[in-house]
Number of protein chains: 2
Amino acid sequence: MSNRPDTRKRLIGAARELFLEQGYAATGVAQILKKAGARSGSLYYFFPTKEDLLLAVLEDYRDLLWPLVIQPVFDRIDDPLERIFGVLDGYRQMLRMTKCTIGCPIGNLALELSGSHPQARKLIAQNFSGWTAAIEQCIVDAADRLPESADAYDLAQFVLTTMEGAVMLSRAYRKIDPFDTAVAQLREYFDLLVAQGTEWSRPRTPE
Amino acid sequence: MSNRPDTRKRLIGAARELFLEQGYAATGVAQILKKAGARSGSLYYFFPTKEDLLLAVLEDYRDLLWPLVIQPVFDRIDDPLERIFGVLDGYRQMLRMTKCTIGCPIGNLALELSGSHPQARKLIAQNFSGWTAAIEQCIVDAADRLPESADAYDLAQFVLTTMEGAVMLSRAYRKIDPFDTAVAQLREYFDLLVAQGTEWSRPRTPE
DNA sequence: GTCTATAACTCGATAGAC
DNA sequence: GTCTATCGAGTTATAGAC
C-alpha cells in the first residue's frame, strides 16, 4: 500500500548518499539512521556491521550500473563512439547538478577503502570492470573505424581512467573545466585514432 | 646533536604516512601520536586541531613537489616529452614498491576531503596546479614538435587526469596493469600529436 | 522486524604541573 | 615544549522487551 521503500532499502539508500557526500569513515551510523528514519535495532537486524552495509551499497551500485547508467544512454544514442561520450556526459551532469561536489560514487570510495577494506575493494573492482565492459562493447562495435592495433579493452580502461581522473580534478577545483578539458582531449585522441584507422588502414583491405 | 627531527616535523611525517595509508577520517590522533613518538600535549601545542595538522601536511607536499618529485626527473632526463613520462614513472615506482596499495598522496585526500574541508581543498588544488605547471613547462619546451592547435595547459592537465585515474584503478585492482595501460595510451596520444605536428604543420613554416 | 536503553570504547581536545 | 590525566561527546554494536 505505502510507496515508502522497506527499511533495508532505505538504509542502503541513506548510506549511499552519505558515503558519497562524506566518505565511509566520516559517516556515522547515527547519521545513517537519522536519514533513513530507522533505529539501530533495524540496521543491525539487516547488517551485522557497518562494513556489511557498505558492501550492500557497493553491490547495489554494481547491479544498477546497466539499468541506470549505461542503458539510458544506449537507448538514446546509436553511434558506438558517441555512446562513450554520452556516458561521460552523465557524469558531467552529476558534477554540474552538485556544483562539482559530487562525481563518481565508486571512485570516491575506491581511494578511501582499497587499502584497508579488502571485500569493498573487490566490489569496487567489479564495478570498474562492469563499467569498462560497457565501454569496451562500444569500441568493439566501432572497430571498423579504428586502427587494427587499437586494443578495445585497453582503450575502454583508458576511458575509465580519464573519467575518474577528470572527476577528481573537477571536484578539487570546484570547476567543470578540468572535466571538460579531459573529455575534449579524449575526443581528440579518438579522432586521431579514427583518422589513422581510415586513412591507410582501411584503403588497403581490397588489395 | 641528535639527527632526530624535531617534534613538529615528526608529527607531520607521521600524519602524512597515516593519511596516505588510511585516509584522514580513519586516522586517529592517538595513532599519529604513537607513530611520531609524541604526546597529545605536543601535538596541540603546535596545531590547534587535527585539521590544522592536515593543512600542514598538504603545505608540506606543496613545498616538496619540485625538490622531491620534479627536479630529480628533470636532472636525469633532458628531452621535454620524456620528462613527462619520467615523472609518471615515479608514481609507477611508488605503486610497485607498495604492491599497488599506495599511489598519489594528493589524489587520495582530494576525493575524501574536497566536499567537506574547504581549506584542505584549496591546498589540494594548489598541489595539482604546481604539478600541472611542471608538466606544462615540458609541453611548452616541446611545442615545436606538437601541432599549433595543441594547448599546453590543457594537455598538462590531461596528463594529471590520466595519472590520477591510473593510480586509482591500479589501487582498486591491486595490479600495475591499469597504470601501464593508461601511460601507454597517453604515449600513443602524444605520438599521434607529434606525428600530426611534424607531417604537415612544420613543413609549411618556410612558405 | 522494530523499539529503547545502554554497554564498551575511541574520538578530538583540554587543563595544569613541570 | 612536553608531560599526565582526563573531559565530554561520539562511535559501533548489543540486550531484551514488544
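Note on naming: letters A, B, ... go to the chains in the order of the sequence lines (proteins, then strands), and numbering restarts at 1 for each one.
- For A:S40 and D:dT12, the shortest distance from a side-chain N or O to OP1 or OP2 is not below 4.0 Å.
- Regarding contacts with the backbone of D:dT2, a side-chain N or O of B:T7 is found under 4.0 angstrom from either OP1 or OP2.
- Defined by atom type and a distance below 3.5 Å, a donor-acceptor pair is missing between the side-chain atoms of B:E112 and B:N108.
- Using a 4.0 Å heavy-atom criterion, one finds that B:G28 contacts the sugar-phosphate atoms exclusively.
- Along DNA chain D, the nucleotide nearest to B:F46 and the one nearest to A:T27 differ in position, and the one closer to the 5' end is contacted by B:F46.
- In this structure, the CG atom of A:L11 is 11 Å from the C1' atom of C:dT2, given to the nearest Å.
- The interatomic distance linking A:Y24 (OH) with D:dT12 (P) rounds to 8 Å, in whole Å.
- For the pair A:K50 and A:Y24, the distance from NZ or CZ to the six-membered ring centre is under 6.0 Å and the angle to the ring normal is within 45 degrees.
- Nucleotide D:dC3 holds its C1' atom 14 Å from the CG atom of B:L43, rounded to whole Å.
- Distances shown here put every side-chain N or O of B:Y44 at or beyond 4.0 Å from the OP1 or OP2 atom of C:dT14.
- To the nearest 0.5 Å, atoms CD1 (A:I135) and CG (A:L88) are separated by 6.5 Å.
- Regarding A:L54, its CG atom lies at a distance of 13 Å from the P atom of D:dT12, rounded to whole Å.
- Between B:S114 and A:Y173, the side chains place no donor N or O within less than 3.5 Å of an acceptor N or O (distance only, hydrogens not considered).
- Atom CG in A:L33 sits about 13 Å away from atom C1' in C:dT4, given to the nearest Å.
- To the nearest angstrom, P of C:dC11 lies 10 Å from CD1 of B:I32.
- Protein atom OH of B:Y45 is 16 Å distant from nucleotide atom P of C:dT14, rounded to whole Å.
- For the pair A:R39 CZ and C:dT6 P, the interatomic distance rounds to 16 Å; values are reported in whole Å.
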